[in-house]
Structure formats: C-alpha cells, structure tokens
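Notes for the one structure printed next.
Computed over heavy atoms, backbone and side chain alike; hydrogens, waters and symmetry mates excluded.
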Amino acid sequence: MKQTGRFCRLAVVVSAACLLPSSCTPQRERAVECVAPANPGGGWDLTCRAVGRVLGDLRLVPGVVRVTNLPGAGGGIAYARAVARRRGDGAVLFAASPATTLRLAQGQFGRFTEEDVRWIGALAADYGVVAVNARSRFTTLDQVIAAWRTDPTRVVVAGGSAAGGQDHMKMLLLARAAGIDPRTVRYVPFDGGGEAMTALLGNFVQVVSIDVTEVRGLIESGDIRVLAVLAPERLGGRLAEVPTARELGYDVAWLVWRGFYAPPDIDAAAEQNWIAALEAVAASPAWERARAETGLAPFFAAGEPFRALVREQVATFREMSRALGLIP
C-alpha cells in the first residue's frame, strides 16, 4: 500500500491538474520527455534511454518516456532550450554529465551559467577510456604516447564532445601527464560518442577518447581495443585485463557521473518529485540490472548535495581549463 502511494505521488510531476501530493486523480497527464543533448549512440542518449526505461517499468511516470536527441554546441543547444523555451516545464529532464559542467566552466554556453537550471541528480558513474580500432598498429597506450612524442600531428584523436570538452580534456590531461605539450594534440570533435566510434571504425581517426558505456558493444564484438581506462582502479568484466592510465605511469582519472537537470522555474513539488523518482530508481533491482547491462558503476547524488557537487566541479574545471590554456 505504501509503495502504491509513493508511485501515485511521483505521478504529480507530469500532471497539470494533480498539484498536491495527496491528490492522486489527475485529470490530465502528458508523457515525460528526456532530452539527450547529442546524437543517438552516446552517453547522454544512453542515460535518457536507460533511466527512462526504468522510470516506465516502475510506473513512476505515465506511459513511456520519450527521448529527444538535440545535438549541438557540446550540449549548449539543449541547455539554451531548457532555459529559454522550456522554462517551468516539470515534465522534461535533460541528460547531463561532467561534459556539461566543463562547458559551463569554460563559458561555452554563452551567457548561461550553472545557476540557470535546476540540477536534479545523478544515478550512476562511467569512466573514460582510450581506445583504438582492433586492427590498429597501436597495441598499448605507451605506443600512442611515443607516437605523440615523435609527431603529435600524425595521431588524430576523436571524441564525442566539442573541442575543449570532456573527451578532449581527457586527452589533454593525458598528454600533460606524459610530459607532452597539450596544445600539440590533434583532436576532432563529434556530436556524440556514436559518431566518434564510426570515424574510428572507418579509419578516419587513429584513437578515440570516450566512455566505457559507449564502447561496451564494440568491445564484445572485438571491433575495438581499449588501451587504458581512466579510473582509479581496474574495472571488472571484459575490461578486467585493461590497465589504468595510472598503472602505466600517467596520473589521469576521469569519473563521468550520469545525471539530469530540469528547466528553471519548475515548482518545488515538481522538483521534489523528480528527486524522489530518481531515489526510487536508484534503489530498485531494475536499475541495478540496467547498470550491469550498460557497464555503469554505482553512484548517486540528488537535490542539494548534487547541486553542491555541480558548483564545485564547475569551479575546479575552470581552474583546470585555465591551467591548460583553454580559457584566459
């Protein structure tokens, strides 16, 4: 009985008429939407689809969560849409990650800042990886570093973020850790990890900087080779034998939380209902299974603790970007 009541209260977030938590007879309901700020196949797309599926399975929202892909400007188009056109809309979430906070730290979203949206929560963690085509001449990370030292312009690196974004930043930090001028790294940006992987498999680039969840299927199919994981310690499963960058002597780790923000000016009840919905998802066996299927690691933060994490990360990334010469 208690569980039914919880689901009923959480349905308030998508109801225009059911305004009080105690009222469970909404007159109008509309489908929940999750906006992935990149093309299909990347981490933001996966975040929307995996979490949206569990929200629907647990009946925390009415019907099926609709996923909208809105690529552009490293997430900036979606961020601007949230602030300028979806203000007050309590039925939509936007996928986010450190790629979002990094671009905010660099001022890449124009006049918008981290204070312009409502940060809801993060449900899982991902980690960066350095990967190559399975037929690549590179079989170790040290070989990539050696090629960089000889002529960095001959090693083309791709990623699913804009120049200066998360995937680019990982490689800049790796180059710096190897004693190489980060400004010499040749990086090609794509709107999402799916496009970056297509470029790698087509031999248009030699290396990709990407996340574990974005390469899981290609690892299983044997189409790519992961040279290093940017995690504090080795990961499990098919990546158990892959060394960390730190093991290889390069002190770089990059945790990617997978979470959401909502548009500004949503009412307090809608915000709290979204937080409660994510809490319910995080505690569910269905989400544990979904995490295992996608290769995501446990991580949870919501509400004020999550907002504090975002603000701290923006400040940290701003200092890091200045040190690397990405911003003045």
Under the side chain to side chain contact (heavy atoms under 4.5 Å, CB included) test, residues paired with R176 that sit two or more places apart: L173, P182, A323, L324
Please tell me whether M169 and L104 are part of a single hydrophobic cluster in this structure, the criterion being side-chain heavy atoms less than 4.5 Å apart. no
Answer yes or no: is there a side-chain heavy-atom contact under 4.5 Å between R291 and L123? no
Please identify which of these residues, V215, L235, I219, T213, meets the side-chain contact (heavy atoms from CB on, under 4.5 Å) condition with V129. V215
Can you find a heavy atom in the side chain of L201 that is under 4.5 Å from one in the side chain of I224? yes
Single-linkage hydrophobic cluster, 4.5 Å side-chain cutoff, L70 and F112 together: yes
Could you tell me which residues satisfy ring pair (Phe, Tyr, Trp, His ring centres under 6.0 Å) with W257, sequence neighbours excluded, listed by chain and number? F306
Is atom CD of E220 surrounded by more than 12 heavy atoms (other residues, nucleotides or ligands) closer than 6.0 Å? yes
How long is the gap from CG on L141 to CG on L174, to the nearest 0.5 Å? 5.5 Å
Salt bridge (Lys or Arg N to Asp or Glu O under 4.0 Å) pairs touching residues 149-160, sequence neighbours excluded, are none
Listed by chain and number, what are the ring pair (Phe, Tyr, Trp, His ring centres under 6.0 Å) partners of F260, not counting sequence neighbours? none
Give the C-alpha distance, both sets of side-chain angles, the deciding distance and a yes or no for side-chain contact (heavy atoms from CB on, under 4.5 Å) between R258 and V51. CA-CA 10 Å; R258 297 288 179 192; V51 177; over 6 Å; no
Quick one: side-chain hydrogen bond (donor to acceptor under 3.5 Å, both in side chains) pairs with a partner in residues 158-167, sequence neighbours left out? S161-Y187, Q166-W254, D167-K170
Any donor-acceptor pair under 3.5 Å linking the side-chain atoms of Q143 with those of T139? yes
Of all heavy-atom pairs linking V281 and L58, the shortest is CA-CD1, 4.2 Å
Return each pair, listed once, that meets disulfide (SG to SG under 2.5 Å) where at least one residue sits in residues 44-80; pairs must be two or more places apart or across chains. C34-C48
Heavy-atom side-chain proximity of V157 to V188 below 4.5 angstrom: no
Could you walk me through whether F300 and L278 pass side-chain contact (heavy atoms from CB on, under 4.5 Å), step by step? CA-CA 9 Å; F300 184 80; L278 294 191; 4.3 Å; yes
Contacts of type side chain to side chain contact (heavy atoms under 4.5 Å, CB included), residue D181, not counting sequence neighbours: R183, T184
For N133 and S136, indicate whether the former's side chain and the latter's backbone hold a donor-acceptor pair under 3.5 Å. no
Is there a path of hydrophobic side-chain contacts, each under 4.5 Å between heavy atoms of I/L/V/M/F/W/Y residues, joining V242 to V252? no
Once side-chain hydrogen bond (donor to acceptor under 3.5 Å, both in side chains) is applied, what residue pairs with a partner in residues 36-51 remain, sequence neighbours excluded? N39-E195, W44-S97, D45-R49, D45-N69, R49-N69
Would you indicate whether the side-chain heavy atoms of T140 and L248 approach each other to under 4.5 Å? no
Using 0.5 Å steps for rounding, measure from the CZ atom of R216 to the CG atom of L239. 8.5 Å
CG-CZ distance between L227 and R225, expressed to the nearest 0.5 angstrom: 7.0 Å
Kindly compute the distance separating CZ (R118) from CG (L93), expressed to the nearest 0.5 Å. 13.0 Å
Is there side-chain contact between V32 and L55, with heavy atoms separated by less than 4.5 Å? no
Please list all pairs meeting ring-ring contact (aromatic ring centres under 6.0 Å, His included) that have one or both residues in residues 82-107, counting only residues at least two apart or in different chains. F94-Y261
Here the salt bridge (Lys or Arg N to Asp or Glu O under 4.0 Å) pairs for residues 61-84, sequence neighbours left out, are E33-R66
Gap separating the CD atom of Q313 from the CE atom of M320, nearest 0.5 angstrom: 9.0 Å
What one should report as the nearest heavy-atom pair of A231 and A253 is C-CB, 4.2 Å
Of the options E115, E271, E312, which is the one that meets R307 in a salt bridge (charged side-chain N to carboxylate O under 4.0 Å, His left out)? E271
Flag for S221-D223: side-chain donor and acceptor within less than 3.5 Å: yes
If every non-hydrogen atom of A228 is compared with every non-hydrogen atom of A245, which pair is closest and at what distance? CB-N, 4.2 Å
Neighbour count >12 (heavy atoms, 6.0 Å) for atom CD, E233: no
Least distance between heavy atoms, A270 atom then G90 atom: CB-CA, 4.4 Å
Can you see which heavy atom on W274 is nearest to which on A91, and at what distance? CZ2-C, 4.3 Å
Could you work out, with side chain to side chain contact (heavy atoms under 4.5 Å, CB included) as the rule, every residue matching A297, not counting sequence neighbours? A125, Y127
Flag yes if M171 and L200 sit in one hydrophobic cluster, no otherwise; membership is Ile, Leu, Val, Met, Phe, Trp, Tyr, and two members link when side-chain heavy atoms are under 4.5 Å apart. no
Not counting sequence neighbours, list each pair that qualifies as a side-chain hydrogen bond (donor to acceptor under 3.5 Å, both in side chains) and has a residue in residues 315-328. Q106-S321
Would you check if E288 and S284 make a side-chain contact, meaning some heavy-atom pair closer than 4.5 Å? no
Any ion pair linking E247 and R234 (charged N to carboxylate O, less than 4.0 Å)? yes
Beyond-backbone contact of N203 with R135, side-chain heavy atoms, under 4.5 angstrom: yes
Any side-chain heavy atom of V132 sitting closer than 4.5 Å to one from R137? no
Working for side-chain contact (heavy atoms from CB on, under 4.5 Å), residues I120 and I275: CA-CA 6 Å; I120 302 300; I275 292 170; 4.1 Å; yes
Quick one: do L296 and W287 satisfy side-chain contact (heavy atoms from CB on, under 4.5 Å)? Show the steps, please. CA-CA 10 Å; L296 289 166; W287 179 240; 4.2 Å; yes
Hydrophobic cluster membership, with links at side-chain heavy-atom distances under 4.5 Å among I/L/V/M/F/W/Y: are V130 and V156 in one? no
Stepwise salt bridge (Lys or Arg N to Asp or Glu O under 4.0 Å) test for E304 and R311: CA-CA 11 Å; E304 188 52 43; R311 292 186 183 107; 3.4 Å; yes
What one should report as the nearest heavy-atom pair of A177 and D251 is CB-N, 4.0 Å
Rounded distance (nearest 0.5 Å) linking atom CG of L326 with atom CG of L172: 6.0 Å
